[in-house]
Amino acid sequence: GGINGICTAWQLAKAGWDGIVVVEKEFLASGASGAALGGIRTGFSEAAKIRRAKYGLDFYKNAEKIIGKPVGWYEGGYVYLAYDNKTYDSFNSALKLWDNEGVKYEFTSDVNLMSKWLPGLDRNNIVGAVLFPEAGGANPFISAYHIAEDAKRMGVEFITDTQVIDIYVENDVVKGCMCSSGIRIEAEHIVNAAGSYAVRVSRMAGIDLGSTVFIDRHESLITEKMPMWLDPLVVNYHPELSGYWQQKRMEGTGAKEGELVACFTPSQPLYGYNTYSDVYCLSRMAQSILLCQPNLENVGIVRSYAHHY
């Protein structure tokens, strides 16, 4: 019942499949999808990722026409920041790939131009930056629920507050699954879109992905609201203080104010399923943000959290 499962069901229904059932153990977007920043970009270093991302970017930009309802899309761009020559060179080495794949970007070492992209940028120590003007973000919850509504219109059934507890396999062929509610669903095909629970679900079918799938844990903080002033999602590639943040427009493109949501991946991640944040997140992300935009030093932090990808 996250964005991957919802969109997979939507795509299958659109392609003419019927009898599609999505099983969610809580409510739609209750996991990593709801905790996500919602950024959508194409500035990757692999062609396959770029092509997938371009499809997604095109969908979200045109979602209101495609599904008939908004998804909270806002084209504010992405800005990658380099604070050392190694990172700057890695940006530079990706330019040919981005050109070949049709990714729109601006690459610069001009601090005056970077300051136009990022209000309040500390011009000291910055080496270079890349702007991806077509990138942006969407509201994770609005996206999930509105795409699900369109999927329902095409006949997809959503079962919430229900967990898959077993998958039936006979002679290496999937036959269906058992739910915590006692319902058995007969199925020739099962799509595992369980996110950070995907390894556990795969084991129900006798497939062990434990040695091949790594679950990434991100910690995040949310600030108090402030007048809208920051368009792009900022990605700080500092070798010791990396992180990324964006001012959210949760009320839509006409929002007058919004909070900052900031995230990073701990260098020593906790193992196991753990969505609790810690005080290190607050200190670490504050340093990352203030390195780039010291004008945010008096902004209050409302809460912090963590989730898995």
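Below, all heavy atoms of this structure are taken into account, side chains as well, without hydrogens, waters or symmetry copies.
Remark: aromatic rings of Tyr88 and Phe107 are close, center separation under 6.0 Å.
Within the model, atoms CG of Leu28 and OG of Ser33 stand 9.5 Å from one another, a figure rounded to the nearest 0.5 Å. Atom CG in Leu290 sits 7.0 Å away from atom CD in Glu297 (nearest 0.5 Å).
With hydrogens and angles ignored, the 3.5 Å screen pairs no side-chain donor or acceptor of Asn171 with any backbone N or O of Val173. Side-chain N or O atoms of Ser283 include none that pairs as donor or acceptor with a backbone N or O of Tyr280 at under 3.5 Å. In this structure a side-chain-to-backbone donor-acceptor pair under 3.5 Å is missing from Asn236 to Gly243. A side-chain donor-acceptor contact under 3.5 Å links Lys248 to the backbone of Leu37. When atom types are taken as modelled, the side chain of Thr42 and the backbone of Val103 share no donor-acceptor pair closer than 3.5 angstrom. In this structure, the side chain of Gln293 engages the main chain of Pro119 through a donor-acceptor pair within 3.5 Å. Using modelled atom types, no side-chain atom of Asn62 and backbone atom of Lys65 make a donor-acceptor pair closer than 3.5 Å. Checked by atom type and distance alone, the side chain of Ser180 pairs as donor or acceptor with a backbone atom of Gln163 at under 3.5 Å. Of the possible donor and acceptor atoms, one in the side chain of Ser202 sits under 3.5 Å from a partner among the backbone N and O of Ile207. Judged purely by atom type and a 3.5 angstrom limit, Thr223 uses its side chain to pair as donor or acceptor with the backbone of Leu260.
Both tests pass for Arg41 against the ring of Phe44: distance under 6.0 Å to the centre and angle within 45° of the axis.
Between Tyr244 and His218, the ring-plane angle classifies as perpendicular under the 30° and 60° cut-offs.
In this structure, the side chains of Ile40 and Trp73 come closer than 4.5 Å at one or more pairs of heavy atoms. A heavy-atom distance below 4.5 Å is not found between the side chains of Ile159 and Cys179. Ser90 places none of its side-chain heavy atoms less than 4.5 Å from the side chain of Tyr237. Contact annotation: the side chain of Tyr145 never approaches that of Lys69 to less than 4.5 Å [non-hydrogen atoms, C-beta and beyond]. Side-chain contact between Val302 and Glu259 is absent, with no heavy-atom pair separated by less than 4.5 Å. The shortest distance between side-chain heavy atoms of Leu291 and Asp122 does not fall below 4.5 Å. Taking the side chain as every heavy atom from C-beta outward, Ile147 and Phe59 approach each other to under 4.5 Å.
Minimum heavy-atom separation, Ala82 to Ile126: O-CD1, 3.6 Å.
Side-chain contact annotation: Tyr105 with Asp99, donor-acceptor N/O pair under 3.5 Å present. Counted by atom type alone, Asn139 and Tyr74 present zero donor-acceptor pairs between their side chains at under 3.5 Å. At a cut-off of 3.5 Å, with distance as the only test, a side-chain donor of Glu219 or Ser277 sits close to an acceptor on the other residue.
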Set out, in order, the CA-CA distance, both residues' side-chain angles and the distance that settles salt bridge (Lys or Arg N to Asp or Glu O under 4.0 Å) for Lys86 and Asp89, then state yes or no.
CA-CA 5 Å; Lys86 181 180 179 181; Asp89 291 342; over 6 Å; no

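For Glu186, the CD atom is densely surrounded, since the number of other residues' heavy atoms within 6.0 Å is greater than 12. With a 6.0 Å radius and a threshold of 12 heavy atoms from other residues, nucleotides or ligands, Asn100 has its CG atom above the threshold.
The ring-ring contact (aromatic ring centres under 6.0 Å, His included) with Phe132 is formed by just one residue from the set Tyr78, Trp98, Phe91; it is Trp98.
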